[in-house]
Amino acid sequence: MAAIDKVRIIVVGDSGVGKSSLTHLICQHQPISNPSWTIGCSVDVKLHEYKEGTPYQKTYFIELWDIGGSHSHRNTRSVFYNPTHGIILVHDLTNRKSQQNLQKWLGEILNRDSGCKSRYSSFDDFDPEQFVGSTQIPILVIGTKLDLVEQVRCHSQQRSSTIAEECGADEIFLDCQQIRSLAAGSSSAVKLSRFFDKVIERRYHSRDRISPFSDKRRSAVASLSPKFYHAD
Ligand SMILES: Nc1nc2c(ncn2[C@@H]2O[C@H](COP(=O)(O)OP(=O)(O)OP(=O)(O)O)[C@@H](O)[C@H]2O)c(=O)[nH]1
Ligand SMILES: [Mg+2]
């Protein structure tokens with residue numbers, strides 16, 4: 001049997017926003033009751049049917065790399081960012097700061113191969129459009145804890161600019177504790193599936209396929225941390 005190709009998607013956002021809950025819901029199709037803090041990174045896998053229902057349909061592995069959001073790990077977690085074929089940015093709808101911080105997360109990923117010595121001393125003036133333009137990595141934004149927020153839709157429509165708009169990314173709002181949040185055929189499930197298709201498309205089918213590194217960067221990182229470097 002032919003080996004199944006895979007893509008690696010990193011799931012990032014502040015500690016406590018619900019990344020592990022979301023990852024579990026996506027991969028295990030059920031809520032997790034008492035997630036513990038993620039130390040380092042946890043990897044979950046799901047099978048995805050690329051372009052399902054078309055002649056191009058093909059099965060791929062989606063690896064979701066759920067990165068612990070604790071501030072104290074910010075200098076070491078860049079080892080998990082290579083390679084990155086897609087990014088899920090997660091924020092908590094009850095915590096506006098967690099949405100603002102997504103900009104810092106993108107900045108951290110962009111600087112993934114410069115380790116703790118960031119090119120930017122602050123990511124406050126970091127431009128998400130610049131990130132998308134320079135990396136071409138597909139992004140999905142997910143707002144969690146919808147069950148705890150009233151009138152979130154009205155609220156979000158009032159915002160003139162969200163990180164999703166700046167990145168040209170789709171956005172999903174959901175309750176990670178409900179299976180029905182990602183029920184087959186729901187708009188959230190369709191957006192998620194479309195995002196996975198886009199990541200696979202960029203990685204395997206596009207003429208300007210994502211090269212997560214230039215060759216120079218690739219060898220630099222490999223020599224820095226061979227233990228953590230995953231070539232694929
Ligand atoms: N009510 C509600 N609670 C949620 C939701 N998503 C996550 N939670 C809760 O939020 C808390 C933190 O969730 P986690 O999934 O552990 O958060 P995390 O982003 O993985 O946190 P770190 O591993 O520390 O980075 C847990 O108590 C979850 O049960 C949601 O959609 N609604
Ligand atoms: Mg976690």
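From a predicted model like this one, the values you see are computed outputs, not experimental measurements. One-based numbering, in listed order, for ligands and for the atoms of each.
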So, H205 versus Y50, ring centres under 6.0 angstrom or not? yes

Flag the pair H48 / Y60 as yes when their ring centroid distance falls below 6.0 Å, and as no otherwise.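 No; Y60 has its ring centre 6.0 Å or more from that of H48.
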
How far is [atom] from the closest protein heavy atom, and which atom is that?
atom: atom 32 (N) of ligand 1; answer: D147 OD1, 2.8 Å
atom: atom 29 (O) of ligand 1; answer: Q177 NE2, 3.2 Å
atom: atom 26 (C) of ligand 1; answer: P35 CG, 3.8 Å
atom: atom 8 (N) of ligand 1; answer: K145 CE, 3.7 Å
atom: atom 17 (O) of ligand 1; answer: G18 N, 3.1 Å
atom: atom 24 (O) of ligand 1; answer: S15 OG, 2.6 Å
atom: atom 15 (O) of ligand 1; answer: S21 OG, 2.7 Å
atom: atom 21 (O) of ligand 1; answer: G16 N, 2.9 Å

Ligand 1 to [X] polar contact by distance, N or O atoms, under 3.5 Å:
X: S20; result: yes
X: I67; result: no
X: D66; result: no

Please work out whether any backbone atom (N, CA, C, O) or any side-chain heavy atom from C-beta onward of N34 is under 4.0 Å from ligand 1, and answer side chain, backbone, both or neither. neither

Mode of V90 contact toward ligand 1 - side chain, backbone, both, neither (heavy atoms, under 4.0 Å): neither

Salt bridge or not between [X] and [Y]? Use side-chain N to carboxylate O under 4.0 Å.
X: E171; Y: K191; answer: no
X: K58; Y: D5; answer: yes
X: D66; Y: K19; answer: no
X: D175; Y: K145; answer: no

For H85 and R203, what are the C-alpha separation, side-chain angles and deciding distance, and is it a side-chain hydrogen bond (donor to acceptor under 3.5 Å, both in side chains)? CA-CA 7 Å; H85 303 124; R203 172 69 182 88; 3.0 Å; yes

Looking only at heavy atoms, what is the nearest atom pair of A189 and L182, with distance?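 Scanning both residues completely, I find the closest heavy atoms to be CB-O, 3.8 Å.
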
Considering all heavy atoms, the nearest V12-L102 contact: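 Answer, listing the atom of V12 first, then L102: O-CD2, 4.5 Å.
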
Atoms of ligand 1, numbered as shown, that sit under 4.0 Å from any heavy atom of C176: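 This gives 6 (N), 30 (C), 31 (O) as the contact atoms.
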
Using the Mg ion (ligand 2) as the vertex, how large is the angle between OG1 of T38 and OG of S20, rounded to 10 degrees? 90°

What do the steps show when you test W65 against E63 for side-chain hydrogen bond (donor to acceptor under 3.5 Å, both in side chains), and what is the final call? CA-CA 6 Å; W65 286 57; E63 283 182 359; 2.9 Å; yes

Can you tell which of L146, T38, D14, V17 gets a heavy atom nearest to atom 23 (O) of ligand 1?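 Nearest option to atom 23 (O) of ligand 1, by heavy atoms: T38.
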
